[in-house]
Amino acid sequence: MPTVDEQFAILTAGTVDCIAATELRSKLDSGRPLRVKLGIDPTASDIHLGFAVVLRKLRQFQDLGHVAVLVIGDFTARVGDPTGRSATRPPLTADQVEEHALTYVDQVQRILDFAPGRIEVVRNADWLAQMDMADILKLTARTTVARIMERDDFEKRFRGGDPIALSELLYPLLQGSDSVEVRADIELGGTDQLFNNLMGRQLQTAAGQDPQVVLTTPLLEGLDGVAKMSKSLGNYVGITEPGPEQFGKIMSIPDGLMPKYFELATGWLPGQVSATIEALLSGDLPPVEAKRLLARTVVDLYHGDGAGQNAQDEFDRVFKDRGTPSEIPICEVSETLFPVRLARLLSECSLVESNREGKRKIEQGGVRIEGTKVTDADIEVTAKDMDGKTLQVGKRAWARISVTP
RNA sequence: GGGUCUGUACCCAAGUGGCCAAAGGGGACUGGCUGUAAACCAGUUGCGCAAGCUUCGGAGGUUCGAAUCCUCCCGGGCCCA
């Protein structure tokens with residue numbers, strides 16, 4: 001068992017805020033397993049590399065003998081966390097939330113330790129949905145408008161004349177209540193959660209509990225290199241995506257983002273990360289090779305050793321050598337559809353969104369049959385032409401036609 | 001409650017009776033270059049094979065003709081109370 005100092009060093013490595021360091025030390029000092037809370041709003045169906053950062057931190061706590069308390073925000077998801085939003089987000093239906101919650105737990109198992117005693121998974125609807133008006137008034141009386149409006153994004157929206165639903169203002173309070181409910185010793189979150197997590201401390205203190213320590217992890221930018229990685233922006237790499245998909249996505253990140261990805265997405269020890277970054281910056285490691293290494297590492301992390309190399313081979317075959325992917329989704333098309341305009345066939349196979357878009361893509365030289373570029377935008381094809389043949393739109397969309405009687 | 005402004009395609013935003021499927025920018029997409037990076041260049045960006053159809057918060061109305069005018073409704077900002 002590592003000493004308190006060693007634990008402290010491991011746990012605060014790679015974090016941005018630690019409120020408060022002395023409290024963390026004394027909690028670790030107590031020697032008891034600490035309850036480490038992480039809230040997760042089931043607003044989307046995929047867990048991505050950005051969220052994996054904080055999950056990995058939580059795993060470190062588990063490995064040191066502490067208990068992960070995963071709070072599924074099935075209630076709060078219906079309010080919608082306003083964090084980082086410039087607009088009110090539409091509330092999700094109970095069904096959507098439920099569906100997401102299930103897939104989350106499934107995905108999280110790739111990172112967290114689910115051994116008995118190591119983790120508790122709870123849902124905040126269990127207590128939040130029970131609250132009546134008296135409870136809510138009591139809760140809201142614990143803070144002030146001025147305090148809530150200190151939050152950066154509220155303030156910005158308010159100043160900009162953008163609408164803020166009253167319910168959104170309650171969000172930090174609800175999340176804070178979770179901390180009271182689960183008696184959290186520590187709460188983890190991205191830096192965008194700092195305000196919410198501090199609210200937990202305030203509420204715990206008011207409830208006579210020892211306030212939780214708040215640790216925040218950096219936010220990871222998405223593939224565009226600008227906005228934080230998020231499902232809604234579509235700039236993410238999902239941890240359950242197929243290896244080749246992950247590999248390709250990582251190859252497309254801006255060069256400048258590589259150090260951050262090495263640091264936050266590889267699961268490497270700090271020494272290895274800094275050595276790699278140094279080699280990259282000094283020119284000893286060419287950028288392409290660095291990125292390939294990064295992509296392989298991430299794929300290995302989620303698909304097992306060797307998967308990264310396979311993904312890279314596939315990548316080289318398809319994109320470097322302009323070849324054909326090893327696995328192409330089959331598109332079954334009824335024989336009665338033929339003869340058919342190629343543009344229509346493309347949309348039948350979901351390679352494009354409409355016949356019209358299909359026609360455009362052909363005009364733009366982006367469509368190939370068996371690797372041969374199609375030049376006639378109005379071309380008609382027959383079942384015999386197409387059966388068993390591959391269709392390609394752009395660099396990434398593929399389908400193999402299978403004609404069914 | 002009163003006043004006033006406002007709601008346009010993924011986002012911002014022009015348009016105020018026909019020349020509007022709707023300027024411009026961003027984003028996205030396709031092609032070129034390349035390292036599926038960045039930068040840059042060219043193009044595309046409602047649906048339909050087409051005639052044409054549907055779209056400018058919603059529902060009605062005026063008109064040969066409406067995103068543009070009128071009525072009501074819904075949503076939002078600001079000021080006053």
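Quick note on labels: first sequence line is chain A, next is B, and so on, each numbered from 1.
A:E98 has a carboxylate O that lies under 4.0 Å from a charged side-chain N of A:R123, or vice versa, which qualifies the two as a salt bridge.
Applying the side chain to side chain donor-acceptor pair (under 3.5 Å) criterion to A:W127, with sequence neighbours excluded, gives A:D178. A:D321 pairs by the side-chain contact (heavy atoms from CB on, under 4.5 Å) definition with nothing, not counting sequence neighbours. Residues satisfying the side chain to side chain donor-acceptor pair (under 3.5 Å) test with A:E335, not counting sequence neighbours, are none. A search for side chain to side chain donor-acceptor pair (under 3.5 Å) contacts involving A:R118 returns nothing, not counting sequence neighbours. Remark: A:Q109 pairs with no residue by the side chain to side chain donor-acceptor pair (under 3.5 Å) rule, at least two apart or across chains. Residues that satisfy the side-chain contact (heavy atoms from CB on, under 4.5 Å) test with A:P242, not counting sequence neighbours, are A:P244, A:E245.
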Practice problem: If a protein heavy atom is under 4.0 Å from the base, mark B; if only from the sugar-phosphate, S; if neither, -; do that for nucleotides 73-81 of chain B going 5' to 3'. | Solution: ---SS----
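Heavy atoms of A:P286 sit nowhere under 4.0 angstrom from any nucleic acid atom.
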Nucleotide N/O to protein N/O under 3.5 Å, stretch nucleotides 3-5 of chain B:
none

Name the pairs: protein N/O against N/O of nucleotides 36-42 of chain B, kept only if under 3.5 Å.
residue	atom	partner	partner atom	Å
B:A37	O4'	A:K291	NZ	3.3
B:A37	O2'	A:I253	O	3.3
B:A37	N3	A:D255	OD2	3.4

So which protein nitrogen or oxygen atoms get under 3.5 Å of nucleotides 48-54 of chain B's nitrogens or oxygens?
residue	atom	partner	partner atom	Å
B:G48	OP1	A:N355	N	3.1
B:G48	OP2	A:R356	N	2.8
B:G48	N7	A:R356	NH1	2.8
B:G48	O6	A:R356	NH1	3.0
B:C49	OP1	A:R341	NH2	2.4
B:C49	OP1	A:N355	ND2	3.4
B:C49	OP2	A:R341	NH2	3.2
B:C49	OP2	A:N355	ND2	3.0
B:C49	O5'	A:R341	NH2	3.2
B:C49	O4'	A:R341	NE	3.3

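In this structure, A:R322 atom CZ and B:U34 atom P are separated by 11 Å, rounded to whole Å. Here the P atom of nucleotide B:G31 and the CD1 atom of A:I362 are 13 Å apart, to the nearest Å. Straight-line distance from the CG atom of A:D224 to the C1' atom of B:C29: 16 Å, rounded to whole Å. Whole-Å rounding puts the A:K361 NZ to B:G31 P distance at 9 Å. One interatomic measurement links the two molecules: CG of A:L294 to C1' of B:G35, which rounds to 14 Å at whole-angstrom precision.
With both pairing distances under 3.5 Å, B:G1 is matched to B:C80 as a Watson-Crick or G-U wobble pair. Here B:U34 sits opposite no nucleotide as a Watson-Crick or G-U wobble pair (both hydrogen-bonding atom distances under 3.5 Å). B:U63: no Watson-Crick or G-U partner with both key distances under 3.5 Å is found in any strand. When both pairing distances are held under 3.5 Å, B:G75 makes a Watson-Crick or G-U pair with B:U6. Pair assignment for B:G27: B:U45, on the basis of Watson-Crick or G-U wobble contacts that are both within less than 3.5 Å.
For B:G15 and B:G57, the P atoms lie 15 Å apart once the distance is rounded to whole Å. Of the P atoms belonging to B:C72 and B:G65, the separation is 23 Å, rounded to the nearest Å. Here the separation of B:A9 from B:G46, taken at their C1' atoms, is 8 Å to the nearest Å. For B:C33 and B:G27, the C1' atoms lie 22 Å apart once the distance is rounded to whole Å. A gap of 16 Å separates the P atoms of B:U55 and B:A22, to the nearest Å. One C1' atom belongs to B:U8, the other to B:U68, and the distance between them is 11 Å to the nearest Å. The separation of B:C10 from B:C29, taken at their C1' atoms, amounts to 13 Å, rounded to a whole angstrom. Annotation: B:G58 and B:G7 have their P atoms spaced 13 Å apart (nearest Å).
In this structure, A:K249 is positioned above the aromatic face of A:Y236, its NZ or CZ under 6.0 Å from the six-membered ring centre and within 45° of the axis.
Under the salt bridge (charged side-chain N to carboxylate O under 4.0 Å, His left out) rule, A:R35 has a single partner from A:E120, A:E181, A:E187, which is A:E120.
Pairs of residues two or more places apart, or lying in two chains, that qualify as disulfide bond (SG atoms under 2.5 Å apart) and include a residue from residues 310-377 of chain A are A:C331-A:C349. A disulfide bond (SG atoms under 2.5 Å apart) check over residues 351-405 of chain A, counting only residues at least two apart or in different chains, returns nothing.
Using cut-offs of 30° and 60° on the angle between ring planes, the pair A:H100 and A:Y104 is parallel.
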Quiz item: Would A:D210 and A:K27 satisfy salt bridge (charged side-chain N to carboxylate O under 4.0 Å, His left out), going step by step from the backbone distance to the final call?
Solution: CA-CA 10 Å; A:D210 206 18; A:K27 280 179 191 266; 3.7 Å; yes
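Here the side chain of A:K361 pairs no donor or acceptor atom with the backbone of A:L346 at under 3.5 angstrom.
In this structure, A:F315 has its ring center closer than 6.0 angstrom to the ring center of A:F319.
The side chain of A:P287 lies closest to B:G35 when the candidates are B:U45, B:U30, B:G35.
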